[in-house]
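Reviewing the structure listed below.
Only this structure's heavy atoms are used, side chains among them; waters, hydrogens and symmetry mates stay out. One-based numbering, in listed order, for ligands and for the atoms of each.
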Amino acid sequence: MEFAELAEFFEKLEKESSRLKMMSLLAELLRKASTKEVNIVVYLCQGKLAPEYKQLEFGLGEKFVVEAIARVSGYPKQKVEEKYKKLGDLGLVAQEFVKDKKQLSLFREKLSVEKVYENFLKIAKASGIRSQELKIKLLAELLNSAEPLEARYIVRIPLEELRLGIGDPTIMDALALIYLEEFKKIEKEKIASMEEHQIRMLLRERIEAKYNVHPDLGELAQMLKKKGLEGLKEIKIEIGVPIRPTLAERLPSAEEIIKKLGKCAVEAKYDGFRLQCHKSKDKVFIFSRRQENVTHMFPEIVEAIKKQIKADEAIFEGEALAVNEATGEFFPFQITIQRKRKYEIEKLSKELPLKLFVFDVMYLNGKNLMEKPFRERRKILEGIIKKGKVIELTEQIITSDAKKLEDYFNECVEKGLEGIIAKDLDAKYIAGARKFAWIKLKRSYKGELTDTLDLVIVGYFTGRGARAKFGLGALLAACYNPDKDEFETIAKIGSGMTEEKMVELEKMLSKIKVDKKPARVFAKIKPDFWVEPKYVVEVMADEITKSPTHSCASRDIGYGLALRFPRMVKLRTDRSAEEATTVHEIIELFEQQHKIKTEPTEKTKEAATNGVSKNEDK
Ligand code: AMP
């Protein structure tokens, strides 16, 4: 196919606002493409060189494009830049300059789609010191042979500004349209009483099912071209190609979840990155939820997969998050997110090591497990994990009791987790969709506590891991109940302390250690050492949550309260234990949070209508 023809289609698609018309235009284009080039045409329609997971990026900045346009047109760079300021689109700038080129090129060939793609590939792959010059040359070579309209797209594609508005669903719709007649013949009986659009949707579903396990529409289109609908059978799960993830539905309460699922698995919802891990002997790939290949970012997980997964070949999923080695507590997402970066990976993997909590397995030693019910997949998953430091199974309970689900939810939130995910024990692995196989229940409101609290230290935990040498990893802190003259525990604090501070605290606290729980302390939790309630610390936290572990307020309101993500600010030597924050103040703060929760602020309302979530990234 000539690139000029593709450019004409692009122009038509660009002008079109009806999705149905776009779909038929696309179908027409894909019909015209040959088997050899149809994959390329699909990628170029997507404005890419390959599917997301192959991560082929152009790496071509505007500066290079301006330079290439100047060289080809014979105008100075400054002129090109001026035009760019005026038009705001380098594609249109290229089109105009190619139209009134100063010098006519001596050598001009008609551009084929393949030739353009080949140069684009070379641009993406160029690396090293001479790569900039090479990229400019390759682009200039294309522009030199381009007609004005071709130039528009030759520039927009590598700048990743094609913006035709064609999403993957439209491409799948177009494919369904192309193979509709063949489908009708094959499925004559099944479709006898169906309407035309229902038949097309049925075919579209079949195509999408393949796309969900092998999200490469170029390859799919090519396979269809080669073998017709029979070709779909050849699209299979493959190590190194990410499966599109199952998504979670949401319901507002434990009761509704139980009503919907009955007896179900309830898992802790960890707040980190979802990782899809592929292992084939000693080769490991890790993909993000958006199917980016992130293998290089997580060296400790790669090593753990090699050691802890007892399988030659496997594809499984889990959530990775940073864990405070000293206290065993989870770090909040804001800390874990620091691991998503391109530089200093080794250093960070030591400072902020991740744990991977695995929750599903889709493929094992040549077998597709996606059709098996979740309860079986979980058993299989349990069987392939060797005990180790990095990879663990997600925590899970199985229940049909809403009260138990609710208690478990509170326990999870208190531990610094996001909530729970309930899972249908009989569901298949549903790639790329939400179909009530998973239902999440999250803390619905993240009420930042703006004030700090003053809490009394009533005990401490010895450090584990890197903190063992300090003899102290976390503090057990309590608020004061003046009515009963008792201290009620509210938090285990493992953050906000420097190494020096920990040494200093251990020195101070070891002097006031006592053998058993001091009488004035009211607690359910037991630290490694109890201490006289004497020292007061200033503490920051994100929120107050219900707690099955802490005793704060439990005699007043029937359930305990705890701090989510407590961080030590400083020692308050100016306060006595009895001057600490009281239980009643805590109850009031907790109730205020609830008020805000039931009366959404403008900000939360806006977020709800926009569907905005910080988790979009995961
Ligand atoms: P959300 O992002 O709020 O829609 O919730 C779904 C996400 O929760 C998944 O994509 C995972 O990244 C994450 N997650 C955390 N823990 C689990 C778990 N135990 N099972 C499944 N997903 C989990």
List every atom of ligand 1 that sits less than 4.0 Å from any heavy atom of Thr394, numbering the atoms from 1 in the order shown and giving each element. 19 (N)
At under 4.0 Å between heavy atoms, which part of Glu418 makes contact with ligand 1: side chain, backbone, both or neither? neither
Please determine whether any non-hydrogen atom of Lys423 lies less than 4.0 Å from an atom of ligand 1. yes
Tell me the nearest of Glu317, Glu249, Glu319 to atom 11 (C) of ligand 1, using heavy-atom distances. Glu319
Backbone, side chain, both or neither: what part of Phe359 comes under 4.0 angstrom of ligand 1, heavy atoms only? side chain
Taking only non-hydrogen atoms of Lys440 and a 4.0 Å limit, the atoms of ligand 1 in range are 1 (P), 3 (O), 4 (O), 5 (O)
Hey, are Lys259 and Glu255 close enough for a salt bridge, meaning a charged N less than 4.0 Å from a carboxylate O? no
In plain terms, say whether Glu317 and Arg274 are close enough for a salt bridge, that is, a side-chain N and a carboxylate O under 4.0 Å apart. yes
Are the charged groups of Lys355 and Glu319 less than 4.0 angstrom apart, N to O? no
Residues Glu395, Tyr270; criterion side-chain hydrogen bond (donor to acceptor under 3.5 Å, both in side chains); working and verdict: CA-CA 10 Å; Glu395 251 190 48; Tyr270 303 83; 5.1 Å; no
I'd like to know if Asp173 and Arg204 make a salt bridge, using a cut-off of under 4.0 Å between side-chain N and carboxylate O. yes
Any N or O of Ala268 that comes nearer than 3.5 Å to an N or O of ligand 1? yes
Should the proximity of Trp438 to ligand 1, defined as any heavy atom under 4.0 Å, be assigned to the side chain, the backbone, both, or neither? side chain
Presence of salt bridge, Lys379 and Glu376, under 4.0 angstrom: no
